Amino acid sequence: MIDIKLLRENPEFVKQNCLRRGSDADVDKLIAVEKEQRELNFRAEALRADRNRLSKECKDNPDARVKVKEIKEELASIETKLVEIEKELHERMSWLPNILAPETPDGKDDTENKELRKEGTVPQFSFKPRDHQELAELLDIIDTQRGAKVAQSGFYYWKGKGAQLCNAMFFWVQQQLVKKGFTSFFSPCLAKEQTLFGTGYLPFFAEQTYKLENEDLALIGTSEQTLVGYHADETLDAAKLPLCYTSFTPCFRTEAGSYGKAGRGIFRVHQFHKVEQIVFCLPDESVKYHDFCLENEEFILKQLGIPYRLVDVCVGDMGAPGYRKYDLEAYFAGFGGYREVTSNTNLTDFQSRRLNIRYKDKDGNKGFVHTISATAVTDRVAIAIIENNQQEDGSIIIPEVLRPFTGFDRIEAPSGK
RNA sequence: GGAGAGGUGGCCGAGCGGUUUAAGGCAACGGUCUUGAAAACCGUCAUACUGAAAGGUAUCGCGAGUUCGAAUCUCGCCCUCUCCGCCA
């Protein structure tokens, strides 16, 4: 949600922003609705003031009651209209995308994202590297067949040393974030509609959400939803900011409409697993902490020995709640190119306005906090490890930093293959 | 799942139809006193929207209703706590 005052005071700016984002929100109509709402509200308040004043006289002056009854009728009809117009206003405001950073590159989709730099050395092979699907079958570390049997296509099992690799990676990453000042969480994997709305996943990504029947609950698409929602309707002490939170959860996405994008293996699935970074900070510090989260992502990939490139995500590839977004795309040897593994979004006050998360400092200054939502690591990173660290026989070398947690330094290939 | 109790400002807690513009206390902040601190005393102290300001409106878990008027009465819902049952 953007500040409605910005809309009122600078409608052209908001319109240009919508235009840049390719949003079909009708800003002119929204302004007209807001004006009507204000007028109706003004009249309703004036009538309530009359009613309140007169009803105090009623005790001694029964004649006043007749007048108050008249006011009540008029008020009721205005309130009916007001409720309708407020509903429309809220609906329209809900669909308005966030303001964009001026630096955000223009572009219609991910092909127009701007590469900022490349890091790491792309591995060279004296043989044709296999993709993770092939390696997974060879090593029996991912089972998509049985995932589909038990659940549906798009679900899978990490198995044996593959599962151990994931456990080690997810644990190690959480440890690193705690060292950098994050508070560790175990958090709910379901959330109510209000929480999904507040984080901007509704209404924008409604068809991506698994909803439970007969319950006001949905499976989370990311722990961002529950970690940001954690502070809904709270005023945070500015002196205690930033708050840096991390949680490790499964993430559920229907991927409706993305058939054909899936490709081989488990790159795009209905359930994946993610360690998340969430920051609540003062408005003038969100750029700084956006960069902080990016540093953490880069630190993790570097420690794991994965080459990657940093991408400045363009307008068309960014969700409506985003102000600016960086993706890291890891190199996948089997795939033979870079693919998205983490994304890091500065949401400014878009979520905090919807969720009513404020700050207050000791001088009494108040406002809405800014939120940063960034991936730390997901299953995709484990896939990159598998593809990049493969040997000619199909075995996988475990990155140094994970070995204390895996307890082995290599996933051995079965003999005789 | 069964039974009971309860949801009031940062916290505790009064109020049960109209001097509630929510008593009182604690905490916090400012001041007096003091070498300094504590104590004591004086003062300030909810939020949002609206308005140039004075002020106005809304909010006592949420929603609806009764009434000239609701924190207070009625109905529905939500949540929390305690005990019992089941249970990783």
Side-chain angles (χ1 to χ4, degrees), chain A residues 1-10 30-94 96 167 185-198 211-218 226 229-241 243 248-250 280 283 349-369:
Chain A
M1 209 82 92
I2 69 163
D3 187 355
I4 200 157
K5 279 184 195 152
L6 179 65
L7 180 77
R8 196 186 307 148
E9 287 160 12
N10 204 342
L30 178 52
I31 290 165
V33 168
E34 199 261 350
K35 191 165 174 245
E36 193 180 351
Q37 185 271 336
R38 277 166 65 81
E39 280 166 6
L40 281 170
N41 192 49
F42 185 78
R43 281 168 62 197
E45 284 195 1
L47 284 171
R48 286 195 204 106
D50 288 346
R51 179 200 63 192
N52 292 348
R53 188 169 39 75
L54 277 171
S55 68
K56 275 174 192 154
E57 294 172 17
C58 286
K59 204 176 171 186
D60 309 309
N61 175 16
D63 293 344
R65 292 185 193 185
V66 182
K67 195 145 193 194
V68 171
K69 277 195 166 176
E70 285 171 20
I71 291 174
K72 256 183 85 174
E73 274 176 36
E74 194 183 346
L75 183 59
S77 86
I78 288 175
E79 279 177 338
T80 306
K81 285 184 211 154
L82 189 59
V83 166
E84 273 171 38
I85 206 85
E86 280 177 344
K87 197 178 154 203
E88 186 181 350
L89 182 62
H90 183 261
E91 174 82 12
R92 287 180 180 277
M93 283 300 288
S94 300
L96 211 54
N167 278 325
F185 281 83
F186 253 67
S187 48
C189 295
L190 290 89
K192 59 172 75 171
E193 182 178 337
Q194 179 58 35
T195 305
L196 268 55
F197 172 83
K211 261 194 73 62
L212 260 61
E213 262 183 77
N214 306 322
E215 292 258 25
D216 177 22
L217 282 172
T226 46
Y230 184 77
H231 283 303
D233 294 316
E234 292 182 26
T235 299
L236 307 175
D237 179 356
K240 291 189 177 138
L241 298 176
L243 296 173
F248 171 56
T249 65
F280 299 86
D349 57 0
F350 192 82
Q351 295 179 323
S352 61
R353 284 181 184 280
R354 289 174 169 236
L355 285 166
N356 190 29
I357 307 175
R358 297 158 191 276
Y359 69 88
K360 187 176 178 183
D361 68 20
K362 63 175 170 40
D363 299 321
N365 297 312
K366 288 172 280 194
F368 290 100
V369 299

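Please read all numbers here as calculations on a predicted model, not as lab measurements. The analysis underlying the following values was restricted to heavy atoms, covering all of them including side chains, and did not include hydrogens, waters or symmetry mates. Here is the naming used below: chain letters follow the sequence lines, and residue numbers restart at 1 for every chain.
Using atom C1' as the reference point in both B:rA39 and B:rG31, the two lie 16 Å apart (nearest Å). B:rC33 and B:rA27 are spaced 23 Å apart, taking the P atom of each and rounding to whole Å. Going from the C1' atom of B:rU21 to that of B:rC26 covers 23 Å, rounded to whole Å. Rounded to a whole angstrom, the distance from the C1' atom of B:rA70 to that of B:rG17 is 7 Å. For B:rG61 and B:rU8, the P atoms lie 6 Å apart once the distance is rounded to whole Å. Remark: the separation of the C1' atoms in B:rG25 and B:rG13 is 8 Å, to the nearest Å. Rounded to whole Å, the separation between the P atoms of B:rC86 and B:rG15 comes to 41 Å.
A:Lys192 comes within 4.0 angstrom of no nucleic acid atom, judged by non-hydrogen atoms across all strands. Residue A:Arg53 is classed as having no contact, given no heavy-atom separation below 4.0 Å to the nucleic acid.
With B:rG51, B:rU47, B:rU57 as the choices, the nucleotide that has an atom nearest any side-chain atom of A:Arg38 turns out to be B:rG51. For A:Arg65, taking side-chain heavy atoms from C-beta onward, the closest of the listed nucleotides B:rG56, B:rU50, B:rC68 is B:rC68. In this structure, of B:rU50, B:rU67, B:rA48, it is B:rU50 that holds the atom nearest to the side chain of A:Arg8.
Between the A:Asp216 side chain and the A:Glu193 main chain, a donor and an acceptor come within less than 3.5 Å of each other.
Not one side-chain nitrogen or oxygen of A:Asn52 sits closer than 4.0 Å to the OP1 or OP2 atom of B:rG69.
A ring-centre distance under 6.0 Å is not found for A:Tyr359 and A:Phe280.
Per the geometry, CE belonging to A:Met1 stands 14 Å off P belonging to B:rC49, to the nearest Å.
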**Study point:** Residues A:Phe197, A:His90; criterion ring-ring contact (aromatic ring centres under 6.0 Å, His included); working and verdict
**Key:** CA-CA 12 Å; A:Phe197 172 83; A:His90 183 261; 5.5 Å; yes
